[in-house]
Amino acid sequence: MTKFFWGNSSSSMQTEGGWNEGGKSLSVYDVRKSGPHISDWHFANDNYHHFDEDFDYMKDLGMNMYRFQISWSRVIKDGDGEVNEEGLKYYDKLVDGLLARNIEPMICLYHFDMPLHLAEDYNGFISKKVCEDFIRYSKIVIDHFTDRVKYWITFNEQNLYHTSGVFQIAGYLKGDKTLTDIYQIAHNVMYCHAAVANYLHNQTDAKIGGMLAYNQVYGATANPADVFAAHQIDEFLNFDLLDAFSYGKYSDAVINFVKQNKLELEVNDREMAEISRLKSDFLSFSYYASSTIDASKIPAGTAPNLYQDYGKKDNPYLKTTEWGWQIDPLGFRDVLNKIYLRYHLPVFPIENGIGVREKWDGEHPINDDYRIEYHRNHIKAMKAAIEEDGVEVIGYLGWGLIDILSSQGDMEKRYGVVYVNRTNHDLRDMKRVPKKSYYWLQKVIKSNGQDLS
């Protein structure tokens, strides 16, 4: 492999802390309560105060890219108010700190943390007003940072807005949670992405791509009904977005489904014009695991994007983590191929990793051979896609390589090659401690992926 990005991805609420500092207004995460097995979101791994130390670890690892998220609530008061200059200055320090270490910054503009005011008063992304507020915020951030930041994404895992999990991540706090609502939010978010991407392309020389959580789903059996269900999931959750990211149009199958089911959506010519102009410089995705689908479990009349709510089934040929995620490196290679061979745009996996419960004895590095094995096998699969299949891959970013809260707020589910000394309910000293995998990954990056031993 030649020029290649090796790095790390994270979100603001899972890393920053500083929830009530620097002029930050509240997001929906800031008011979530802790529970027996989850933390609150007030401190995370305290990157707000520790980012220099964390960036030093990234530099020592040899990383040359860090994808982080800007918190809408930290930059714009209540999401639709005045610009918080102190918030912009915090991210200035992050960007400048990365560049000083020769680490390319990649900015993500939204990772599920809707400003609380916009959720409570307007119900999040189902509101056209909130869409315009997001576009305004994004343009402010683009204008401020594109002299230094050349890689961007708008929404983390945008296809999740096509699933039953949409309401939590879109800031939808009240309503009937209908199928029409799901499709309305999915469209609104795509309009936002298109408007922001088009603005960035018109105003700057930076690059932007769409991002999805790739749902790699196989038929549970060779029964044609299972195989077709898996195909429908691919079409509705993956290819629909990728078609829009690449060609500026929704999937024909999805358009026909909306018509056949008489889903009354608020869609106007201006929004569709933005989507029709949409181009992507790369296609990015997260990949952790795969699963199968059992069509016999799916009630008649269920929308394909909800099939997994009923028919998801473990694959007997794969190992399963304690969190129920099935490890499938060959599926990773298949996804890289499916995206590239269909769209012929550079492909960028920007999240990959394994979450495991780990305890530090206070002295010795954690012996995480399981994490080494996971990343080794996925990097091998990626190399095969590049070298044997001809896929153009521009980088490989792990997820949360310095321990962070999981997406559910659980510090017990650790992805990092660097341990952070805190638990769900005891902040301890937040000490950063490299694990065995840290030294392995350092060697991998130094060799540009050649030494995986």
Interatomic spacing from CD1 in Ile275 to CZ in Phe245 - rounded to 0.5 Å: 10.5 Å

Non-hydrogen atoms of Asn156 and Arg67 that approach each other most closely: OD1-NH2, 2.6 Å

Nearest atoms (heavy-atom pairs only) where Gly17 meets Ala44: N-CB, 3.7 Å

Test side-chain contact (heavy atoms from CB on, under 4.5 Å) applied to Met106 and Phe348, Trp152, Phe5, the passing residue: Phe348

Option passing ring-ring contact (aromatic ring centres under 6.0 Å, His included) with Phe125 (candidates Tyr191, Phe167, Phe134, Phe112): Phe134

Distance under 6.0 Å and angle within 45° of ring axis: Arg32 vs Tyr29: yes

Lys24 charged N/C atom sitting above Trp41 aromatic ring, 6.0 Å / 45°: no

Name of the residue among Lys207, Lys150, His201 meeting side-chain hydrogen bond (donor to acceptor under 3.5 Å, both in side chains) with Asp281: His201

Side chains of Asp410 and Asn424, donor plus acceptor under 3.5 Å: yes

Interatomic distance, Ile372 atom CD1 to Lys435 atom NZ [nearest 0.5 angstrom]: 11.0 Å

More than 12 heavy atoms of other groups within 6.0 Å of His37 NE2: no

Donor on one side chain, acceptor on other, His117 and Asp80, under 3.5 Å: yes

Derivation and outcome, ring pair (Phe, Tyr, Trp, His ring centres under 6.0 Å), residues Trp399 and His378: CA-CA 13 Å; Trp399 173 253; His378 283 78; over 10 Å; no

